[in-house]
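A short write-up of the structure that comes next.
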Amino acid sequence: MTSDPPLTLLDLSDMGVDRLSGVGSAKLEALNKVGIESLLDLLTWYPRRYLDRTRQASIAELFAGEEALVLCRVSSVDTRRTRQRRVMVTAELSDQTGSLRVTFFNQPWRARQLERICDDDVEVAVFGKVEVFRGRRQMTNPVIDPVGDRTGRIVPIYPQSEVAGLGTWEFADWTAQVLRRSSARGIADPLPDAVRSRLGLVGRHTALTDIHHPSDAHDVRAARDRLVFDELLRIQLVLVRHQRELSHNSSGFVHSVGAPDAVVPGLIDGFLTGLPYELTPAQRRVIDEILGDLAKAVPMHRLLQGDVGAGKTVVALVAMLAAVEGGHQAALMAPTEVLAEQHAAGMQDLLSGASRRDDSTLLGERPVEVALLTGRTPAAARRRILAGLSSGEIPLVVGTHALIADGVEFDSLGVVVVDEQHRFGVEQRAALRVASPEDAVPDVLVMTATPIPRTAAMTVYGDLDLSVLDELPPGRTPIVTTWGVGEEGEDSAWAAVREEVAEGHRVYVVCPLVEESAKLEVASAEATFERLASGPLAGLELGLLHGRMSADDKRHVVDSFRRGAVEVLVATTVVEVGVDVPEATVMIVLDADRFGIAQLHQLRGRVGRGRAASRCFLLTTAEPGAEATARLEALVRTQDGFELAEVDLDLRGEGTVMGDRQRGRSDLRLASLRRDREWVVRAREVAMELVDEQGRIEVAELADELRLLDATDEAFLTKS
Ligand code: ADP
Ligand code: MG
């Protein structure tokens, strides 16, 4: 008799939880409701945390003011309404040493939960701060977990159990059943032994057993490491496979720079010679990386990260000129009209300046023209530009979504630059690619000014190569950042405003963020404007800028600010992107504790763009909470966007760093890009080893497992 092979994750995902004893139709329905259908779903429904019984106290030992964990039983439950009409559920709990009252406000469902626990007469673990009220010990809104009559030192607590009507002890039972029943065949471990032992990981069967039924904290850690690694490896395998498949299967343009037979020979050389400044070493390195990619037939997929002011524009332009030098076209797509206009103007300036200074090449005679195509382009100009793009006469175009509208065709689109890509959808980038009729796939450079930590980049943009401009051009004076509290803080900020305006400089005042409502935010901006104009900044020329103004009004006030007719621009966060006024030297953010790190960093980046020293005042009305304090202190301490991104990841977790894209990442059940940074790096290394040049995963069982990834995950991961 041959024994059955070990169970794979796919086998487990084909077996329903209805086969477990204790799962009848009611439980099945409850399980399905939280998304658990298969045995695999159950096994990957990991404990939310663990109770360490060695650390529990008895009720008699509780001290007021301390946080404590007690195990006890529920003896009675009572529900009533307070005078403020709030629902108040109280319960009496007891152990052998005494009794404790717990009170929950505004959680009416607690009554049912506690009554059930009372009826079942099972133990609950209660964790909270001990208070003494009229001589009695009590806790308000404690964490309460049914434990059941389980023994063992470490008791797993499962998520959501109380809400769905699924006991946490039931989960423990069911997972034990699955593991017991699979122990004959064992759960397969597709990870090559060499990799497993090199990384010091436990086997998969052990990991799944110990995550649910550990005998000590060490078991939990080892199990977690293994399961975290598996999650991250699956993601990296998808990314690396996609990247290698693309390289292997698609053919792109070969843009070789400096070739004697180029259509516009010497274009890039001439451009670089004509630049008014020396490139920074970082710019030179990144340009080399890009030109290296462009010279290969494999289409480029590269992410250019660089802080605000790092000098991405010139790098992007060089990439675009590489296409033009070889007789092809290049397009830059920006997320807003303002940004598109600025890119077009900035690039045109660079080109005209270079052509004036460089008399040795074609540039001298006729600078390459940059066309601008946005939703605002007048019909006649649009017709002219579309004709120029399809004939190939227009080599460079900058625009918004208008670039991918119907009717836009290129003669030979060789390089595409996408600015701030997270604002675009996958489909839009793909659309720009097919707008080119040739078989060759354009090279793509994605630019982002929002630094994200390396391990996050490896996951979110893991199928892109990464270039980082990690150095600012010389001559920038650091922005002196201070955090001021209350009136005193404001007073010193307004004094600085008057000094700087007297010097001919300009000032931004960013109004309190009102997240819930754009309308309230505008009202708050208007109120701030009135208050400053008639109070602390009376006598200065103030302008108001917010998102609900018409485009013309916005442009008008920004122009006045640029010219100096407006000295102080009172604005909502609309100034976050796009407004570029070198004479602005002061940034004041009101209620700065309401903003996130990235946003404050972007706002601060509006100043410090000229030669003069700049200042940033982060003002709060009162001492904020611990997390906001940590954010503000980080901004005061450093101006390095990457360092700030790491702090942000530490403080708030990955969801915020990645915004929308993170939402599709449902396969990360245990892994955290924050806590598990080193595992991200290791998983990527292993994925690179296990995927061959053609994008084949060398271990078939691992490749099979990728079928388990959520479809949305796949779409997210392989977006480019
Ligand atoms: P980013 O797009 O990365 O925010 P920009 O490309 O707009 O930055 O550049 C910011 C400013 O720095 C621009 O005024 C640009 O002219 C200038 N700049 C860029 N590279 C250099 C350099 N190597 N030396 C001096 N100034 C530079
Ligand atoms: Mg820029």
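What you see is a predicted model, and the numbers here were worked out from it, not measured in a lab. Counting starts at 1 for both ligands and their atoms, in listed order.
Here the side chain of Arg631 pairs a donor or acceptor atom with the backbone of Phe595 at under 3.5 angstrom. A donor-acceptor pair under 3.5 Å links the side-chain atoms of Gln283 to the main chain of Gly311, judged by distance alone. The backbone N or O of Glu583 sits nowhere less than 3.5 Å from a side-chain atom of Arg609 that would complete a donor-acceptor pair. Without hydrogens or angle criteria, Asp640 side chain to Glu643 main chain gives a donor-acceptor distance under 3.5 Å. With hydrogens and angles disregarded, a donor-acceptor distance shorter than 3.5 Å links the side chain of Arg285 to the backbone of Val468.
The shortest N or O to N or O distance between Gly311 and ligand 1 is below 3.5 Å. Taking any N or O of Ala310, backbone or side chain, at least one lies under 3.5 Å from an N or O belonging to ligand 1. Considering backbone and side-chain atoms together, Arg609 places no N or O closer than 3.5 Å to any N or O of ligand 1.
Which parts of ligand 1 touch Thr313 is read off a 4.0 Å heavy-atom cut-off, strictly below it: atoms 2 (O), 5 (P), 6 (O), 7 (O). Listed by number with element, the atoms of ligand 1 under 4.0 Å from a non-hydrogen atom of Leu279 are 23 (N). Within the listing of ligand 1, atoms 22 (C), 23 (N), 24 (N) sit less than 4.0 angstrom from a heavy atom of Glu278.
The closest approach between any non-hydrogen atom of Asp307 and ligand 1 is below 4.0 Å.
With respect to Arg506 and Glu567, no salt bridge is recorded, no charged nitrogen being found less than 4.0 Å from a carboxylate O.
Of the candidates Gln639, Gln602, His601, His601 is the only one forming a side chain to side chain donor-acceptor pair (under 3.5 Å) with Asp307.
Residue nearest to atom 4 (O) of ligand 1, selected from Pro582, Pro281, Gly306, Gly309: Gly309 (by heavy-atom distance).
For Gln283, every heavy-atom contact with ligand 1 shorter than 4.0 Å involves the side chain, none the backbone. Of all the heavy atoms of Thr280, the ones lying under 4.0 Å from any atom of ligand 1 are found in both the backbone and the side chain.
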